[in-house]
Amino acid sequence: MEVERVQAIVSSSLTKDNIPIEFIRPEDEQPAITTFHGPIPDIPVVDFSDPDQGNVIRSMADASRDWGIFQVVNHGIPFDLIQRLQLVGKEFFDLPQEEKEVYAKPHGAPSIEGYGSKLGRDVNGKKNWADHLFHRIWPPACINYQFWPRNPPSYREVNEEYAQEVRKVVDKLFKWLSVGLGLEPDVLKQGAGGEEIEYLMKINYYPPCPRPDLTLGVASHTDLSAMTVLVPNEVPGLQVLKDGVWIDAKYIPGALIIHIGDQIEILSNGKYKAVQHRTTVDKEKTRMSWPIFLEPPAEFVVGPLAQLVDPQEPPKYKPKKFKDYSYCKLNKLPQ
Ligand code: OGA
Ligand code: NI
(Lines give C-alpha, C1' and ligand atoms only; values in the text may rest on other atoms or scores of the structure.)
(Ligands and ions follow the chains in the order given, each with its own letter.)
Protein backbone atom coordinates (compact mmCIF):
# COMPACT_ATOMS: atom_id res chain seq x y z
CA MET A 1 0.00 0.00 0.00
CA GLU A 2 1.30 3.40 -0.96
CA VAL A 3 1.35 5.81 1.98
CA GLU A 4 1.09 9.44 1.09
CA ARG A 5 3.77 11.64 2.68
CA VAL A 6 2.79 15.15 3.71
CA GLN A 7 5.90 16.48 1.94
CA ALA A 8 4.68 14.88 -1.31
CA ILE A 9 1.16 16.28 -0.91
CA VAL A 10 2.62 19.74 -0.49
CA SER A 11 4.86 19.55 -3.53
CA SER A 12 2.13 18.20 -5.81
CA SER A 13 -1.47 18.94 -5.20
CA LEU A 14 -2.06 22.00 -3.08
CA THR A 15 -3.94 25.06 -4.17
CA LYS A 16 -3.28 28.40 -2.58
CA ASP A 17 -5.45 28.23 0.50
CA ASN A 18 -6.91 24.76 0.71
CA ILE A 19 -5.79 21.71 2.61
CA PRO A 20 -7.36 18.24 2.52
CA ILE A 21 -10.20 17.83 4.99
CA GLU A 22 -8.42 15.14 6.99
CA PHE A 23 -5.90 17.77 8.13
CA ILE A 24 -8.51 20.28 9.31
CA ARG A 25 -8.84 20.13 13.09
CA PRO A 26 -12.09 20.66 15.01
CA GLU A 27 -12.38 24.19 16.36
CA ASP A 28 -11.37 23.26 19.90
CA GLU A 29 -7.97 22.18 18.54
CA GLN A 30 -7.38 24.84 15.88
CA PRO A 31 -4.30 26.86 16.74
CA ALA A 32 -5.75 30.17 15.52
CA ILE A 33 -8.56 29.86 18.05
CA THR A 34 -6.82 28.12 20.96
CA THR A 35 -3.37 29.79 21.21
CA PHE A 36 -3.04 32.15 24.14
CA HIS A 37 -1.73 35.65 23.38
CA GLY A 38 -1.04 37.79 26.37
CA PRO A 39 1.26 38.25 29.31
CA ILE A 40 2.39 34.79 30.30
CA PRO A 41 5.69 33.46 31.64
CA ASP A 42 8.10 31.67 29.28
CA ILE A 43 9.05 28.03 29.70
CA PRO A 44 11.74 27.99 32.43
CA VAL A 45 15.38 28.16 31.30
CA VAL A 46 18.09 26.31 33.25
CA ASP A 47 21.72 27.38 32.84
CA PHE A 48 24.11 24.46 33.33
CA SER A 49 27.04 26.88 33.67
CA ASP A 50 25.57 28.34 36.88
CA PRO A 51 28.28 27.73 39.53
CA ASP A 52 25.54 27.31 42.16
CA GLN A 53 24.59 23.66 41.62
CA GLY A 54 21.87 23.84 44.26
CA ASN A 55 20.22 26.52 42.19
CA VAL A 56 20.40 24.40 39.02
CA ILE A 57 18.82 21.45 40.83
CA ARG A 58 16.08 23.57 42.39
CA SER A 59 15.15 25.25 39.14
CA MET A 60 15.00 21.90 37.30
CA ALA A 61 12.85 20.36 40.03
CA ASP A 62 10.51 23.37 40.13
CA ALA A 63 10.15 23.35 36.34
CA SER A 64 9.51 19.59 36.29
CA ARG A 65 6.81 19.94 38.94
CA ASP A 66 5.08 23.08 37.62
CA TRP A 67 5.61 22.76 33.85
CA GLY A 68 7.01 19.32 32.92
CA ILE A 69 9.32 21.09 30.50
CA PHE A 70 12.34 23.38 30.55
CA GLN A 71 15.09 24.59 28.23
CA VAL A 72 18.77 24.02 29.00
CA VAL A 73 21.48 26.47 27.93
CA ASN A 74 25.26 26.04 28.32
CA HIS A 75 24.76 22.26 28.38
CA GLY A 76 28.17 21.53 26.88
CA ILE A 77 27.12 20.21 23.44
CA PRO A 78 29.00 22.33 20.89
CA PHE A 79 26.69 24.58 18.84
CA ASP A 80 28.56 23.50 15.74
CA LEU A 81 27.62 19.84 16.36
CA ILE A 82 23.94 20.79 16.76
CA GLN A 83 24.11 22.66 13.46
CA ARG A 84 25.68 19.64 11.75
CA LEU A 85 22.97 17.36 13.19
CA GLN A 86 20.36 19.71 11.72
CA LEU A 87 22.11 19.93 8.37
CA VAL A 88 22.40 16.17 7.78
CA GLY A 89 18.76 15.71 8.80
CA LYS A 90 17.63 18.42 6.42
CA GLU A 91 19.75 16.92 3.64
CA PHE A 92 17.98 13.59 4.13
CA PHE A 93 14.51 15.16 3.83
CA ASP A 94 15.69 17.12 0.76
CA LEU A 95 16.44 13.85 -1.07
CA PRO A 96 14.03 12.76 -3.82
CA GLN A 97 10.97 10.97 -2.45
CA GLU A 98 12.01 7.54 -3.84
CA GLU A 99 15.35 7.76 -2.09
CA LYS A 100 13.68 8.46 1.26
CA GLU A 101 11.25 5.56 0.74
CA VAL A 102 14.21 3.15 0.87
CA TYR A 103 14.13 3.77 4.64
CA ALA A 104 10.34 3.47 4.98
CA LYS A 105 9.11 1.66 8.08
CA PRO A 106 8.30 -1.84 6.81
CA HIS A 107 4.56 -2.48 6.69
CA GLY A 108 3.43 -4.25 9.86
CA ALA A 109 6.91 -4.14 11.43
CA PRO A 110 6.79 -4.34 15.24
CA SER A 111 9.35 -1.55 15.67
CA ILE A 112 8.61 2.09 15.16
CA GLU A 113 11.89 2.66 13.30
CA GLY A 114 12.01 4.05 9.78
CA TYR A 115 10.76 6.86 7.58
CA GLY A 116 7.05 7.56 7.54
CA SER A 117 4.01 9.60 8.38
CA LYS A 118 1.70 8.84 11.28
CA LEU A 119 -0.28 5.79 10.30
CA GLY A 120 -3.92 5.78 11.12
CA ARG A 121 -5.65 8.85 12.34
CA ASP A 122 -6.44 10.04 15.79
CA VAL A 123 -9.73 9.72 17.65
CA ASN A 124 -11.43 12.42 15.62
CA GLY A 125 -10.13 11.01 12.33
CA LYS A 126 -7.51 13.67 11.72
CA LYS A 127 -3.96 13.51 10.37
CA ASN A 128 -0.80 15.31 11.43
CA TRP A 129 0.89 17.82 9.10
CA ALA A 130 4.25 16.03 9.42
CA ASP A 131 6.54 13.29 8.18
CA HIS A 132 9.26 11.72 10.32
CA LEU A 133 12.24 9.40 10.57
CA PHE A 134 12.83 7.23 13.65
CA HIS A 135 16.00 5.28 14.49
CA ARG A 136 17.69 4.24 17.71
CA ILE A 137 21.11 5.75 18.38
CA TRP A 138 22.12 4.16 21.72
CA PRO A 139 23.06 1.65 23.19
CA PRO A 140 24.99 -0.04 20.36
CA ALA A 141 23.13 -3.36 20.82
CA CYS A 142 19.82 -1.78 19.81
CA ILE A 143 21.00 0.16 16.74
CA ASN A 144 19.61 -0.89 13.34
CA TYR A 145 21.77 0.90 10.82
CA GLN A 146 19.36 -0.06 8.04
CA PHE A 147 17.21 2.90 9.16
CA TRP A 148 20.09 5.39 9.24
CA PRO A 149 20.34 7.36 6.00
CA ARG A 150 23.46 6.55 3.97
CA ASN A 151 23.03 9.87 2.23
CA PRO A 152 24.34 12.41 3.12
CA PRO A 153 27.49 10.34 3.76
CA SER A 154 28.30 12.12 7.05
CA TYR A 155 24.86 11.28 8.51
CA ARG A 156 26.19 8.36 10.56
CA GLU A 157 29.28 10.05 11.91
CA VAL A 158 27.36 13.16 12.99
CA ASN A 159 24.62 11.15 14.71
CA GLU A 160 27.18 8.98 16.51
CA GLU A 161 29.00 12.07 17.73
CA TYR A 162 25.72 13.63 18.88
CA ALA A 163 24.77 10.41 20.73
CA GLN A 164 28.02 10.56 22.73
CA GLU A 165 27.51 14.21 23.66
CA VAL A 166 23.84 13.88 24.51
CA ARG A 167 24.56 10.95 26.86
CA LYS A 168 26.65 13.20 29.07
CA VAL A 169 23.80 15.71 29.31
CA VAL A 170 21.24 12.96 29.98
CA ASP A 171 23.31 11.59 32.87
CA LYS A 172 23.36 15.05 34.48
CA LEU A 173 19.62 15.48 33.93
CA PHE A 174 18.77 12.17 35.57
CA LYS A 175 21.17 12.84 38.45
CA TRP A 176 19.94 16.33 39.22
CA LEU A 177 16.28 15.40 38.80
CA SER A 178 16.83 12.59 41.36
CA VAL A 179 18.50 14.91 43.83
CA GLY A 180 15.68 17.38 43.25
CA LEU A 181 13.29 14.73 44.60
CA GLY A 182 15.45 14.33 47.71
CA LEU A 183 16.81 10.97 46.45
CA GLU A 184 20.24 9.46 45.77
CA PRO A 185 21.64 10.68 42.43
CA ASP A 186 21.35 7.36 40.54
CA VAL A 187 17.77 6.44 41.49
CA LEU A 188 15.80 7.91 38.57
CA LYS A 189 18.16 6.61 35.90
CA GLN A 190 18.17 3.11 37.44
CA GLY A 191 14.39 3.24 37.73
CA ALA A 192 14.11 3.95 34.00
CA GLY A 193 16.44 1.14 32.83
CA GLY A 194 19.95 2.29 33.81
CA GLU A 195 22.59 1.68 31.12
CA GLU A 196 19.96 -0.08 29.00
CA ILE A 197 17.85 3.04 28.49
CA GLU A 198 17.23 3.27 24.74
CA TYR A 199 17.85 6.52 22.88
CA LEU A 200 15.27 6.76 20.11
CA MET A 201 16.01 9.59 17.68
CA LYS A 202 13.12 11.11 15.74
CA ILE A 203 13.33 13.77 13.08
CA ASN A 204 10.07 15.65 12.60
CA TYR A 205 9.60 17.34 9.23
CA TYR A 206 6.73 19.83 9.07
CA PRO A 207 6.36 21.21 5.52
CA PRO A 208 4.96 24.71 4.92
CA CYS A 209 1.17 24.72 5.08
CA PRO A 210 -1.24 27.09 3.30
CA ARG A 211 -3.64 27.01 6.30
CA PRO A 212 -1.56 26.82 9.48
CA ASP A 213 -4.53 28.29 11.36
CA LEU A 214 -6.57 25.08 10.86
CA THR A 215 -4.12 22.22 11.34
CA LEU A 216 -1.50 20.80 13.72
CA GLY A 217 1.93 19.25 13.12
CA VAL A 218 1.52 16.92 16.09
CA ALA A 219 -1.73 16.87 18.09
CA SER A 220 -1.77 17.27 21.87
CA HIS A 221 0.02 14.48 23.76
CA THR A 222 2.48 13.60 26.50
CA ASP A 223 5.58 11.60 25.54
CA LEU A 224 5.70 7.88 26.42
CA SER A 225 9.38 8.20 27.26
CA ALA A 226 11.03 8.78 30.63
CA MET A 227 12.33 12.06 29.28
CA THR A 228 12.75 13.65 25.83
CA VAL A 229 15.69 15.84 24.77
CA LEU A 230 14.73 17.98 21.77
CA VAL A 231 16.58 20.28 19.40
CA PRO A 232 14.29 22.48 17.24
CA ASN A 233 15.15 24.48 14.14
CA GLU A 234 14.57 28.24 14.10
CA VAL A 235 10.92 28.03 13.01
CA PRO A 236 8.70 28.28 16.12
CA GLY A 237 5.90 25.75 16.59
CA LEU A 238 6.17 23.88 19.88
CA GLN A 239 3.35 24.75 22.28
CA VAL A 240 2.76 23.61 25.84
CA LEU A 241 -0.44 23.50 27.85
CA LYS A 242 0.03 25.49 31.04
CA ASP A 243 -2.80 26.29 33.45
CA GLY A 244 -5.31 25.41 30.75
CA VAL A 245 -3.90 27.55 27.91
CA TRP A 246 -1.62 26.82 24.95
CA ILE A 247 1.53 28.89 24.93
CA ASP A 248 4.42 29.09 22.43
CA ALA A 249 7.90 27.89 23.34
CA LYS A 250 10.48 30.58 22.72
CA TYR A 251 13.28 29.62 20.32
CA ILE A 252 16.69 29.90 21.99
CA PRO A 253 19.49 29.08 19.51
CA GLY A 254 21.46 26.03 20.65
CA ALA A 255 19.23 25.27 23.66
CA LEU A 256 17.93 21.77 24.43
CA ILE A 257 14.24 21.45 25.26
CA ILE A 258 13.72 18.82 27.97
CA HIS A 259 10.28 17.20 28.24
CA ILE A 260 9.34 15.15 31.28
CA GLY A 261 7.65 12.03 29.87
CA ASP A 262 5.18 9.54 31.31
CA GLN A 263 7.81 7.22 32.86
CA ILE A 264 9.36 9.93 35.06
CA GLU A 265 5.89 11.06 36.09
CA ILE A 266 5.22 7.47 37.18
CA LEU A 267 8.61 6.96 38.91
CA SER A 268 8.17 10.22 40.83
CA ASN A 269 4.61 9.19 41.78
CA GLY A 270 3.29 12.34 40.13
CA LYS A 271 5.75 14.81 41.71
CA TYR A 272 7.15 15.58 38.27
CA LYS A 273 4.54 16.04 35.53
CA ALA A 274 4.66 14.80 31.94
CA VAL A 275 4.08 17.90 29.81
CA GLN A 276 1.06 18.11 27.51
CA HIS A 277 2.34 19.57 24.22
CA ARG A 278 1.57 19.93 20.50
CA THR A 279 3.05 21.64 17.43
CA THR A 280 1.81 24.20 14.96
CA VAL A 281 3.11 24.65 11.41
CA ASP A 282 4.19 27.64 9.35
CA LYS A 283 2.72 29.13 6.18
CA GLU A 284 6.04 29.60 4.39
CA LYS A 285 8.78 27.79 6.25
CA THR A 286 9.62 24.18 6.95
CA ARG A 287 9.82 23.44 10.64
CA MET A 288 12.01 20.57 11.82
CA SER A 289 12.86 19.11 15.22
CA TRP A 290 15.10 16.36 16.58
CA PRO A 291 13.68 14.82 19.76
CA ILE A 292 15.47 11.89 21.42
CA PHE A 293 13.07 9.76 23.46
CA LEU A 294 14.78 8.09 26.42
CA GLU A 295 12.88 4.84 26.83
CA PRO A 296 13.12 1.89 29.21
CA PRO A 297 13.77 -1.49 27.52
CA ALA A 298 10.54 -3.24 26.47
CA GLU A 299 10.52 -5.78 29.33
CA PHE A 300 11.61 -3.33 32.02
CA VAL A 301 9.02 -2.66 34.74
CA VAL A 302 8.43 0.96 35.74
CA GLY A 303 6.41 1.96 38.79
CA PRO A 304 6.44 4.59 41.53
CA LEU A 305 9.77 4.59 43.44
CA ALA A 306 9.42 2.92 46.85
CA GLN A 307 11.14 5.94 48.48
CA LEU A 308 8.27 8.18 47.35
CA VAL A 309 5.40 6.00 48.50
CA ASP A 310 4.02 5.78 52.04
CA PRO A 311 0.58 5.66 53.73
CA GLN A 312 0.19 9.42 53.27
CA GLU A 313 1.28 9.24 49.62
CA PRO A 314 -0.12 5.99 48.19
CA PRO A 315 1.04 4.93 44.71
CA LYS A 316 -0.85 6.76 41.96
CA TYR A 317 0.27 4.40 39.15
CA LYS A 318 0.52 0.64 38.60
CA PRO A 319 3.99 -0.85 37.95
CA LYS A 320 4.04 -1.98 34.31
CA LYS A 321 6.40 -3.31 31.68
CA PHE A 322 7.25 -0.48 29.30
CA LYS A 323 5.99 -2.52 26.32
CA ASP A 324 2.59 -3.00 27.99
CA TYR A 325 2.38 0.67 28.90
CA SER A 326 3.19 1.64 25.30
CA TYR A 327 0.67 -0.81 23.88
CA CYS A 328 -2.14 0.57 26.03
CA LYS A 329 -1.22 4.16 25.26
CA LEU A 330 -0.91 3.68 21.51
CA ASN A 331 -4.16 1.77 21.37
CA LYS A 332 -5.92 4.21 23.69
CA LEU A 333 -6.65 1.53 26.27
CA PRO A 334 -6.80 2.25 30.02
CA GLN A 335 -3.48 1.72 31.86
C1 OGA B 1 7.05 14.72 19.32
C2 OGA B 1 6.92 16.17 19.60
C3 OGA B 1 7.66 18.42 19.28
C4 OGA B 1 8.34 19.29 18.28
O5 OGA B 1 7.57 14.38 18.23
O6 OGA B 1 6.67 13.92 20.21
O7 OGA B 1 6.24 16.49 20.53
O8 OGA B 1 8.75 20.39 18.68
N9 OGA B 1 7.59 17.06 18.85
O10 OGA B 1 8.45 18.92 17.11
NI1 NI C 1 6.13 14.89 22.00
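Ligands are counted one by one from 1 in listed order, and the atoms in each one are counted from 1 as well.
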Test item: Val229 and Leu173 side chains (from C-beta on) under 4.5 Å apart, heavy atoms
yes
For atom 8 (O) of ligand 1, grab the closest protein heavy atom and report residue, atom and distance to one decimal in Å.
Arg287 NH2, 3.0 Å
Which segment of Leu230 sits under 4.0 Å of ligand 1 when only heavy atoms are counted:
side chain
State whether the number of non-hydrogen atoms from other residues, nucleotides or ligands found under 6.0 Å of Glu184 atom CD is greater than 12.
no
Mutual orientation of the aromatic rings belonging to Tyr103 and Phe92 [parallel < 30°, tilted 30-60°, perpendicular > 60°]
perpendicular
Of all N/O/S atoms in Asp223, the name of the one nearest the Ni ion (ligand 2):
OD1
Measuring from the Ni ion (ligand 2), name the closest N, O or S atom belonging to His221.
NE2
Please state which protein non-hydrogen atom is closest to atom 3 (C) of ligand 1 and give its distance, to 0.1 Å?
Thr279 CG2, 3.5 Å
Side chain or backbone of Phe293 under 4.0 Å from ligand 1, or both, or neither, by non-hydrogen atoms?
side chain
Nearest 0.5 Å, please: how far is CD1 in Ile43 from CD1 in Ile258?
11.5 Å
His259 backbone or side-chain N/O/S under 2.8 Å from the Ni ion (ligand 2):
no
Would Ile69 end up clustered with Leu181 when hydrophobic side chains under 4.5 Å apart are linked, directly or stepwise?
no
In sequence, state the C-alpha distance, the side-chain angles, and the governing distance for Lys189 and Asp186, and then conclude on salt bridge (charged side-chain N to carboxylate O under 4.0 Å, His left out).
CA-CA 6 Å; Lys189 179 173 169 180; Asp186 65 336; over 6 Å; no
Among all protein non-hydrogen atoms, which one is nearest to atom 9 (N) of ligand 1, and what is the separation to 0.1 Å?
Asn204 ND2, 3.5 Å
Looking only at heavy atoms, is any part of Arg278 under 4.0 Å from ligand 1, and if so is it the side chain, the backbone, or both, or is it neither?
neither
Say whether Asp223 and ligand 1 are in contact under the criterion: heavy-atom distance to a ligand atom below 4.0 Å.
yes
Inter-residue atom distance Glu195.CD - Trp138.CH2, 0.5 Å rounding:
9.0 Å
Just need the protein heavy atom nearest to atom 5 (O) of ligand 1, so name the residue and atom and give the distance.
Lys202 NZ, 2.8 Å
Lys/Arg cation over aromatic Tyr199: Arg167, 6.0 Å, 45° cone
no
Nearest non-hydrogen protein atom to atom 6 (O) of ligand 1, with distance, is His221 NE2, 3.1 Å
